[in-house]
Amino acid sequence: MIAPVETNQETYLTTDRLALRRFTADDADLLIELDSDPDVMRYLSGGEPTAPEVVREHQMPRILAVYEKWGGQLGLFAAHEQDLDGPFIGWFILRPAPEGPREEVELGYRLRKDAWGKGYGTEGSRALLRKAFTELGVRMVWAETMTVNRGSRHIMEKVGMTLAETIPVPDDMTDIEGHEHGGVRYEITGEQWARGLSVG
């Protein structure tokens, strides 16, 4: 597991076992290392790593620009075990589509392989849904993945999201295992989330 990152950053969100924070320009190596695992990238690039220069010159500036656009409230957030001094285990995303309305945001996650199977994806996603609907004025949260990505779909279903529609796979993903089955979009509204709390 990658070494803890020294940071004095403000915590964005905490759960019983996780702490999320905003990325900084010094965090590119964390993303490069995460995207270098073929298993992590299986349903994203067919296992191909993201080139370091793409992370440094394109992805990181976009991540920081999203914070600027939304006042740091929405974007891509680094996840650490226990607290911000703990090991980096991946990231979660909570942000609108580039041209989408602020009240409709995407939920996503990408975790290191050694963090799989521990319930972190579900734990972080539940906390982000709560924050979205109780603090950020979000109306609806959506998530997309490949139809064959059962692990990701299981998290979406566990946090109360429901299948909204099937979607085509982007042109740059047609060489990935399972592409012929297309993709899926899950959604949950604030009203549905609140009803789930009352039932639970």
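Any value given below was found using the heavy atoms of this structure, including those in side chains, with hydrogens, waters and symmetry copies removed.
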Considering all heavy atoms of both residues, which atom of [X] and which atom of [Y] are nearest to each other, and what is their separation?
X	Y	result
Ala115	Ile89	CB-CB, 4.0 Å
Ala78	Phe88	CB-CE1, 3.9 Å
Trp116	Asp39	CH2-O, 3.5 Å
Arg126	Lys158	NH2-O, 3.2 Å
Val141	Ala132	CG2-CB, 4.2 Å
Ser36	Pro49	CA-CB, 3.9 Å

Between [X] and [Y], is there a shared hydrophobic cluster once you connect ILVMFWY residues whose side-chain heavy atoms come closer than 4.5 Å?
X	Y	result
Ile167	Val169	no
Leu111	Tyr43	no
Leu74	Leu13	yes

Just so I know, are the side chains of [X] and [Y] near enough to count as touching, which here means a heavy-atom distance under 4.5 Å?
X	Y	value
Arg21	Thr11	no
Arg110	Leu44	yes
Met173	Met146	yes
Thr166	His181	no
Glu187	Met156	no
Leu128	Leu20	yes
Val40	Leu34	yes

Just by distance, do the side chain of [X] and the backbone of [Y] share a donor-acceptor pair under 3.5 Å?
X	Y	result
Ser125	Thr122	no
Asp27	Leu30	no
Glu165	Val184	no
Trp142	Arg185	no
His80	Ala19	no
Thr189	Met140	no
Arg22	Gly72	yes

How are the rings of Trp193 and Phe133 set relative to one another: parallel (under 30°), tilted (30 to 60°) or perpendicular (over 60°)?
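Plane angle between 30° and 60°, so tilted.
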What distance separates [X] [atom1] from [Y] [atom2], expressed to the nearest 0.5 Å?
X	Y	atom1	atom2	answer
Arg95	Leu107	CZ	CG	12.0 Å
Leu64	Gln59	CG	CD	11.5 Å
Thr134	Leu136	OG1	CG	7.5 Å
Leu163	Thr147	CG	OG1	8.5 Å

Residue pairs passing the salt bridge (Lys or Arg N to Asp or Glu O under 4.0 Å) test with at least one member in residues 42-63, sequence neighbours excluded, are Asp29-Arg56, Arg42-Glu177
Taking CZ in Arg17 as the centre, count heavy atoms belonging to other residues, nucleotides or ligands within less than 6.0 Å. Is the count above 12?
yes
Take a 6.0 Å sphere around CD of Glu68 and say whether it holds more than 12 heavy atoms from other residues, nucleotides or ligands.
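Counting other residues, nucleotides and ligands, CD of Glu68 stays at 12 neighbours or fewer.
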Decide, yes or no, whether a salt bridge links [X] with [Y] under the criterion of side-chain N to carboxylate O below 4.0 Å.
X	Y	result
Asp35	Arg112	no
Asp37	Lys113	no
Arg150	Glu157	yes
Glu104	Arg139	yes

Test side chain to side chain donor-acceptor pair (under 3.5 Å) on Tyr120 and Thr15; report intermediate values, then the result.
CA-CA 10 Å; Tyr120 289 147; Thr15 70; over 6 Å; no
For Leu31 and Met60: C-alpha separation, side-chain torsions, deciding distance, then whether side-chain contact (heavy atoms from CB on, under 4.5 Å) applies.
CA-CA 9 Å; Leu31 296 175; Met60 188 57 70; 3.5 Å; yes
Please lay out, stage by stage, how Gln73 and Arg102 fare under the test side chain to side chain donor-acceptor pair (under 3.5 Å).
CA-CA 11 Å; Gln73 293 185 319; Arg102 186 193 182 283; 2.8 Å; yes
For the ring pair Phe77 and Tyr12, is the centre-to-centre distance below 6.0 Å?
yes
Would you sort out whether Thr162 and Ile188 count as a side-chain contact (heavy atoms from CB on, under 4.5 Å), showing the intermediate values?
CA-CA 7 Å; Thr162 56; Ile188 185 170; over 6 Å; no
